[in-house]
Every structure is written in structure tokens, then in C-alpha cells.
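Numbers restart at 1 for each chain; the letters A, B, ... are given by sequence-line order, proteins then strands.
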Protein chains: 2
Amino acid sequence: MQTALAAVGLPPALATIPQCRTPSSPVAEAKGGFRRTVPAEDEIFADGDRAGTFYKVVSGVVRTCKLLSDGRRQIDAFHLPGDIFGLEAGAEHRVNAEAVTEARLEVYRREPRALAGDDGTLAREIVASMLKGLERAQDHMMLLGRKSARERIATFLITFSRRTACTGTAMELPMSRTDMADHLGLTVESVSRAVTQLEREGLIALPPNRRMVVLRDKAALARSPSDFGSRLVL
Amino acid sequence: MQTALAAVGLPPALATIPQCRTPSSPVAEAKGGFRRTVPAEDEIFADGDRAGTFYKVVSGVVRTCKLLSDGRRQIDAFHLPGDIFGLEAGAEHRVNAEAVTEARLEVYRREPRALAGDDGTLAREIVASMLKGLERAQDHMMLLGRKSARERIATFLITFSRRTACTGTAMELPMSRTDMADHLGLTVESVSRAVTQLEREGLIALPPNRRMVVLRDKAALARSPSDFGSRLVL
DNA sequence: CGATTCCTTGAGTCCGTTCAAAGCCCGTGG
DNA sequence: CCACGGGCTTTGAACGGACTCAAGGAATCG
């Protein structure tokens with residue numbers, strides 16, 4: 001247990017965190033329910049809601065986003081199975097969360113009581129999730145601030161394929177082009193054009209079903225303009 | 001102690017974290033040193049370095065950034081006194097950290113030993129810092145993905161004035177225009193033009209010393225295109 | 001007081017947007 | 001089984017905001 005926490009670089013004692021009940025049954029329970037199933041496109045919580053709970057994705061895909069008063073939208077992240085979202089520093093949520101596909105969620109209460117039970121697994125997950133989220137946010141800020149439309153699509157496809165542990169070349173994109181656009185800081189039209197361009201270049205193939213993509217050359221997609229640092233591949 | 005942690009919405013038991021020594025003396029110590037002073041523009045750590053330590057800003061300003069192989073740079077955050085930076089999910093740093101101004105830092109070892117001593121204050125700070133960092137990252141992604149140059153500058157000035165708890169209207173910007181550009185996803189020229197535009201509009205004033213700004217109308221600066229959600233001001 | 005560096009300004013270009021329309025899936029119902 | 005309808009996606013043409021390239025100005029430092 002200690003080693004696990006140490007692995008994410010934080011004190012082993014963190015493992016004592018509990019306070020959030022460990023789910024027991026795989027299906028929804030009476031009292032409040034530890035699980036929740038949300039239909040595609042339904043809201044999970046809204047910006048401004050009291051942040052009394054947070055969630056872990058069991059299956060499906062969730063998006064968290066912010067809106068400006070004039071309707072502009074920024075999807076800050078897509079959450080895949082295993083990901084934790086909805087944790088806030090303050091008392092209220094600061095993003096909207098919606099199901100992209102039908103999603104099964106594990107719900108955790110944020111309140112201080114109910115410490116008992118947990119063996120620290122969840123605590124470790126939470127910390128790891130926060131750090132991972134920050135890391136993804138940093139990468140995404142680089143994408144939003146400095147990459148071209150073509151690079152954004154290429155990076156997105158590669159990143160998503162890695163996150164879904166997609167082994168082959170075919171991959172399903174659960175979200176619409178509009179969602180991709182609002183995640184990548186582009187318009188739908190630009191997304192479409194960039195995707196088409198990658199297809200013409202032979203890096204990807206686009207089956208009739210537009211939610212599918214075939215990554216024909218992952219290496220080329222990944223090596224658009226490489227990052228410096230750790231995994232620098234020269 | 002428990003209440004403090006609960007305030008950030010995480011289990012009180014987190015407070016038991018320690019593992020990172022609490023600094024004792026306000027000046028540099030022999031063994032490894034708990035404090036470190038870095039001259040302006042000097043590197044603190046680089047992308048790819050082993051992430052054996054993390055830091056808290058005592059005074060001065062620090063920037064963390066990523067680079068692409070072709071030189072494009074994205075500053076993901078400026079860290080002000082009290083902020084914690086350099087915590088990583090993995091074994092290596094994934095950003096570069098440099099001092100913007102001369103900076104005094106508190107250095108914490110990440111290793112699992114040395115649990116003793118801390119009363120949980122640091123643990124709470126770490127968690128709060130991670131959540132705060134994530135929140136700022138979300139806001140910044142909205143800025144990078146969806147806001148115009150003028151809006152980016154306005155948002156940046158307001159956000160920075162709030163973070164520095166700048167009470168009056170005059171504010172010092174410790175970073176160069178280039179740093180602002182690389183933080184806001186713009187070019188230096190665009191930053192300069194947008195700043196000039198805000199001045200012409202009377203929202204700000206620009207003293208001869210270009211590192212200074214006078215926020216003549218914070219309300220107008222803040223209300224560019226307002227966020228929805230929690231603090232919605234209609 | 002000169003030199004360097006940073007910041008600003010100008011002119012022209014380009015990428016992504018906007019506006020508009022057509023194409024394609026897919027579900028529905030005849 | 002196929003025609004129809006609606007939403008999503010793609011494509012086209014023109015526009016515009018930020019970028020690039022290039023110079024000029026201002027402040028700071030030696």
C-alpha cells in the first residue's frame with residue numbers, strides 16, 4: 001500500500017485517506033446509490049452545482065466543459081473508464097459534466113464522515129487521478145496554445161488511441177465532431193477539414209461510419225512536432 | 001486539521017500525509033538544503049529531469065513551461081508565493097521550471113521516508129494546490145481554446161491582479177511580453193497590440209515602465225464575456 | 001551616454017472562421 | 001424493401017483576426 005502511493009510520488013500516509021465509501025455492489029443501491037447510469041447526452045452535474053459528490057467512470061465516456069455567456073464552449077477533458085472527475089477545490093462544481101455515450105458511474109460522497117472501510121485504494125486513485133489530470137491539462141494547453149489544426153487532430157487521435165489502449169489500427173471515436181471541435185479549440189468545419197487532410201495524406205482512413213477512424217500510421221501521427229523532454233525520440 | 005482538509009473536499013485522513021519534511025529554518029541548510037534561491041531567468045528543473053523534489057514559492061515568480069522540438073513554447077502557469085509546483089505523477093518532470101524574477105523556494109523531497117515531523121499542514125497544502133492547479137488549468141484552457149486576443153489579455157490582467165491580491169489599481173507584471181505571449185497562446189506582437197487596444201479603450205493605463213499596468217476599470221475587464229456557473233453576475 | 005534589449009507599430013499574408021449549401025448515414029414509416 | 005426525413009458531416013467561397021516580417025521607439029544597464 002505504501003509503495004503504491006509512493007509510486008505516484010506522494011506520502012504513503014495518504015493511503016489512510018478513506019472518507020469515501022468503497023462501493024460494494026456492482027449495481028445501484030438504495031440509499032443515494034453508489035452507482036448511477038446516465039443516458040447519452042444527459043447532464044451529470046452543472047457548473048455551479050454544489051459539489052457534494054465526485055465520480056469514477058465505470059463504462060462509457062463523460063465530458064466536462066465550461067461555457068461562456070455567449071455560448072462558446074470548451075471541453076476540458078473526456079473521461080474514460082477508470083477516470084475520476086468532479087473533484088473540486090471549492091464547494092461548487094466549476095464545470096458541466098455530461099455523458100457522451102451512456103455511462104455507468106461510481107458515485108462518491110465528499111463529506112468528511114464515512115471514513116471507515118476504505119483501505120486506501122481509493123485515496124491513492126484520487127491522488128493519482130489529480131496528478132494525471134494536471135498532466136493531461138498541461139499537454140492540452142500546449143495543444144490549444146501552440147498547435148495547428150492538423151497537429152491538434154493528429155495529437156488528439158494518438159492520445160485518444162493510447163488512452164483507450166487501442167491495440168489495432170481501427171478506433172471508435174465516441175464523440176461528435178462538434179465535441180472534438182470544442183475540445184480542440186476549433187470549429188466543426190476545421191475539424192472536418194483537418195481530418196480529411198490527414199486522410200488524403202494517408203495517415204488515417206475514414207470508414208463510412210464517421211465515428212470510426214483507422215490509424216494507418218501512428219508513428220507519423222505522433223511525430224508531428226515532437227515534445228522535448230522525457231520521452232524525446234530523436 | 002480535519003476541518004481544513006475537509007474544506008478542500010478531501011478526506012481528513014489525508015492530513016496524515018507527512019513524508020515531506022517541514023522546513024525549519026528560513027535560510028538555506030547544509031544537507032540538500034530546504035531552501036533555494038534562484039536568480040531571475042535561471043532554470044529550476046528541466047523537462048525530463050528526475051522528479052525527486054517539488055517546490056513551494058516563498059518569494060518571486062516562477063514559470064513552468066513545455067517546448068516543442070521546433071521551439072514553440074507554452075507556459076502553463078506562473079507560480080506566485082505560496083504556490084506549489086513540480087509535483088509529478090511519474091518519475092520525471094514533464095515541464096521546465098524557471099525563475100521569472102529572482103525566487104526563493106522551499107524544496108521538498110518526494111521520497112517515502114522522512115515521514116516524521118509534519119503535522120499535516122503540508123499535506124493539506126499539497127492537495128489544495130493540486131486542485132487549485134487543475135481549476136486554473138481549466139480556466140486557462142477556456143482562454144486558450146475560445147477567447148480572442150483582447151479577451152485573453154483582459155482575463156489575464158484580472159486573474160493576475162486577483163492572485164497577487166492587488167488592492168489598488170496599479171499592478172506590476174513581473175514577466176516579459178514574450179512570457180505573456182507564450183502563456184496566452186499569442187505572439188508578442190499580438191500581446192502588445194491587445195494591451196494597447198485596452199489602453200485606448202480606457203480600461204487600463206500604461207505607465208512609462210512597461211512592467212506596470214494600471215487597471216482603470218476592473219469590472220469592465222472582468223466582464224468581457226462572462227463565465228456561466230457559480231459566480232454568474234447578471 | 002551609448003548600446004542592448006524589450007516593446008510597439010506597420011504592412012501584407014495566411015490559417016482558421018464564417019456563412020452557405022450539399023452530401024451522407026441512419027432511423028422511421030410506408 | 002425502399003422512400004423519406006433529419007441530423008451530422010463534409011465541402012466551398014469569402015472574410016477576418018492573428019501571424020509574419022520588418023522597422024522604429026523607448027527604457028534599462030553598463
Side-chain angles (χ1 to χ4, degrees), chain A residues 39-41 63 68 70-74 100-101 143-157 172-201 204-213 224-225, chain B residues 39-41 63 68 70-74 100-102 143-157 172-201 204-214 224-225:
Chain A
E41 294 304 315
R63 63 173 177 251
L68 293 182
D70 57 8
R72 279 176 285 178
R73 185 175 72 146
Q74 176 65 42
V100 173
T101 64
L143 179 149
L144 293 171
R146 290 300 181 213
K147 292 189 180 178
S148 70
R150 183 186 169 285
E151 289 169 342
R152 293 181 198 206
I153 298 294
T155 301
F156 175 73
L157 292 177
E172 183 184 351
L173 295 174
M175 73 292 291
S176 68
R177 293 287 192 264
T178 303
D179 279 354
M180 286 176 59
D182 286 343
H183 182 51
L184 302 176
L186 299 169
T187 58
V188 203
E189 296 93 328
S190 293
V191 168
S192 185
R193 276 185 254 269
V195 167
T196 303
Q197 186 191 351
L198 289 178
E199 184 192 27
R200 275 196 300 259
E201 294 174 10
I204 63 174
L206 297 169
N209 179 341
R210 269 31 193 102
R211 293 289 171 108
M212 286 289 182
V213 202
S224 307
Chain B
E41 295 303 315
R63 63 174 177 251
L68 294 182
D70 58 7
R72 281 176 283 178
R73 185 176 72 146
Q74 177 64 42
V100 173
T101 64
E102 174 177 282
L143 179 150
L144 293 171
R146 290 301 181 214
K147 292 190 179 178
S148 69
R150 183 186 169 285
E151 290 168 343
R152 292 182 199 206
I153 299 293
T155 301
F156 174 73
L157 291 177
E172 184 184 350
L173 295 174
M175 73 291 292
S176 68
R177 294 286 192 264
T178 303
D179 279 354
M180 286 176 59
D182 285 344
H183 181 50
L184 302 175
L186 299 169
T187 58
V188 204
E189 295 93 329
S190 293
V191 168
S192 185
R193 277 185 254 268
V195 167
T196 303
Q197 187 191 350
L198 290 178
E199 184 191 28
R200 275 195 300 260
E201 294 174 10
I204 62 175
L206 297 169
N209 179 340
R210 272 20 197 115
R211 293 288 171 109
M212 285 290 183
V213 201
V214 179
S224 308

Q: For side-chain contact (heavy atoms from CB on, under 4.5 Å), just list the numbers for B:Ile153 and B:Met180, CA-CA rounded to whole Å, side-chain angles, deciding distance to a tenth of an Å, and then say yes or no.
A: CA-CA 9 Å; B:Ile153 299 293; B:Met180 286 176 59; 4.1 Å; yes

Q: Please report the C-alpha distance between B:Asp182 and B:Arg63 in whole Å, then the side-chain angles of each, then the deciding distance to 0.1 Å, and finally whether the side-chain contact (heavy atoms from CB on, under 4.5 Å) criterion is met.
A: CA-CA 11 Å; B:Asp182 285 344; B:Arg63 63 174 177 251; over 6 Å; no

Q. How far apart are the C-alpha atoms of B:Val213 and B:Leu206, what are their side-chain angles, what is the distance that settles it, and do they pass the side-chain contact (heavy atoms from CB on, under 4.5 Å) test?
A. CA-CA 5 Å; B:Val213 201; B:Leu206 297 169; 4.3 Å; yes

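In this entry the distance linking CZ of A:Arg146 with C1' of C:dC15 reads 15 Å, nearest Å. Per the geometry, CD belonging to A:Gln197 stands 9 Å off P belonging to C:dG16, to the nearest Å. In this structure, B:Leu173 atom CG and C:dC7 atom C1' are separated by 13 Å, rounded to whole Å. Taking atom CZ of residue B:Arg72 and atom P of nucleotide C:dC15, one finds them 13 Å apart after rounding to whole Å.
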Polar atom pairs (N or O), protein with nucleotides 19-26 of chain C, under 3.5 Å:
{"residue": "C:dC19", "atom": "N4", "partner": "A:Glu189", "partner atom": "OE2", "Å": "3.0"}

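Residues satisfying the side-chain contact (heavy atoms from CB on, under 4.5 Å) test with B:Ala40, not counting sequence neighbours, are none. With sequence neighbours excluded, the residues that form a side-chain contact (heavy atoms from CB on, under 4.5 Å) with A:Gln197 are A:Arg150, A:Arg200, A:Glu201. For A:Arg72, the side-chain contact (heavy atoms from CB on, under 4.5 Å) criterion is met by A:Leu68, A:Asp70, B:Arg146, B:Glu151, B:Pro225, not counting sequence neighbours.
Among the heavy atoms of the strands lying under 4.0 Å from A:Ser192 is at least one base atom, whether or not backbone atoms are also near. No engagement by A:Arg152 is indicated, since no non-hydrogen atom pair under 4.0 Å with the nucleic acid exists. Using a 4.0 Å heavy-atom cutoff across all strands shown, A:Ser190 reaches at least one base atom of the nucleic acid.
The CZ atom of B:Arg193 lies 14.0 Å from the CG atom of B:Leu198; values are rounded to the nearest 0.5 Å. Between the CG atom in B:Leu186 and the CZ atom in B:Phe156 there is a gap of 11.0 Å [rounded to 0.5 Å].
Across every non-hydrogen atom of B:Ala194 and B:Ala149, the tightest pair is CB-O, 4.0 Å. The shortest non-hydrogen separation linking B:Asn209 to B:Arg211 is OD1-N, 2.8 Å. Across all their heavy atoms, A:Arg73 and A:Asp179 have their closest contact at NH2-OD1, 2.7 Å.
Summary for the helix from C:dC1-D:dG30 to C:dG30-D:dC1: the axes at its two ends, each from 5 pairs, differ by 40° when rounded to the nearest 10 degrees.
Of all nucleotides in DNA chain D having an atom under 4.0 Å from a heavy atom of chain A, the first and last in 5' to 3' order are D:dT9 to D:dA13.
Mapped onto DNA chain C by nearest heavy atom, A:Gly185 and B:Val195 fall at different nucleotides, with B:Val195 at the one closer to the 5' end. The 5' end of DNA chain D is approached more closely, in terms of each residue's nearest nucleotide, by A:Ser176 than by the other of B:Val191 and A:Ser176.
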